[in-house]
Amino acid sequence: CSSQFRCDHDAPVLPSLQTPLVANMHVLVQRYIKPWTKEHGVSYSGLILVEEAIQKKHSVNSLLTACSAEVFVSHCWNEPFADFATTLKASLDAAVVAWVCSFGIDQNGNVAGEIGGDLLSCPFAKALQRASRVLVVMDSQAEPLERVWCALEAHLAF
């Protein structure tokens, strides 16, 4: 110990106040999706569609028609993103267009406002109505079975 600082070697060791950061959908949205899309005022998938339209000189409307989601993905944001991506890769062909809420909704926008009071007209319900099937991505804790949104999505799917 330095003479200018008092060291108390008998002081109790405090447990770490930091917990390891799990690279889940919450982290992905906060660190990447929101910053990448903020200045554009669109969802991540919307940003990609516009970029694709510019690069290939297609109209955004033609890309929207071509990229209608065949599969609605229901999942919990708490699972590690690598597990989520691995499940999607194993479950879907590369050409399949899937709707994932974190990519399909403008995360910088008024998400609560987009959901509104009528659950049948919220973005989740609209995506479910347009998709031909639903994929529930289960994590190791089976958390989607306990999540209200996942239960609502299951209800709306039938």
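Note on M138 and V22: separate hydrophobic clusters, where clusters join Ile, Leu, Val, Met, Phe, Trp and Tyr whose side-chain heavy atoms are under 4.5 Å apart, directly or indirectly. V96 and V73 fall within a single hydrophobic cluster, where Ile, Leu, Val, Met, Phe, Trp and Tyr side chains are chained together by heavy-atom contacts under 4.5 Å.
Rounding to the nearest 0.5 angstrom, the gap separating the CD atom in Q107 from the OH atom in Y32 is 16.0 Å. The CZ atom of F81 lies 7.5 Å from the CG atom of L88; values are rounded to the nearest 0.5 Å. A distance of 12.5 Å separates CD of E70 from CG of L135, quoted to the nearest 0.5 Å. The distance from the NZ atom of K38 to the CG atom of L47 is 15.0 Å, given to the nearest 0.5 Å.
By the 4.5 Å heavy-atom criterion applied to side chains, E79 and S140 are not counted as neighbours. Counting only heavy atoms from C-beta outward, the side chains of V29 and K34 approach each other to under 4.5 Å. Using a 4.5 Å cut-off on side-chain heavy atoms (C-beta onward), R147 and N78 make contact. Residues V134 and W99 fail the side-chain proximity criterion, which asks for heavy atoms closer than 4.5 Å.
Under the 30°/60° scheme for interplanar angles, the aromatic rings of F103 and Y44 are found to be tilted. Using cut-offs of 30° and 60° on the angle between ring planes, the pair W77 and H75 is parallel.
Taking all atoms of both residues into account, the shortest heavy-atom contact from L92 to A98 is CD1-CB, 4.0 Å. When every heavy atom of V100 is checked against every heavy atom of M25, the shortest pair comes out as CG1-CE, 4.2 Å.
By the side-chain hydrogen bond (donor to acceptor under 3.5 Å, both in side chains) test, D139 pairs with no residue at all, sequence neighbours left out.
Side-chain N or O atoms of N24 include one that pairs as donor or acceptor with a backbone N or O of V27 at under 3.5 Å.
For the residue pair T37 / D106, no side-chain donor-acceptor distance below 3.5 Å is found, with atom types taken as modelled.
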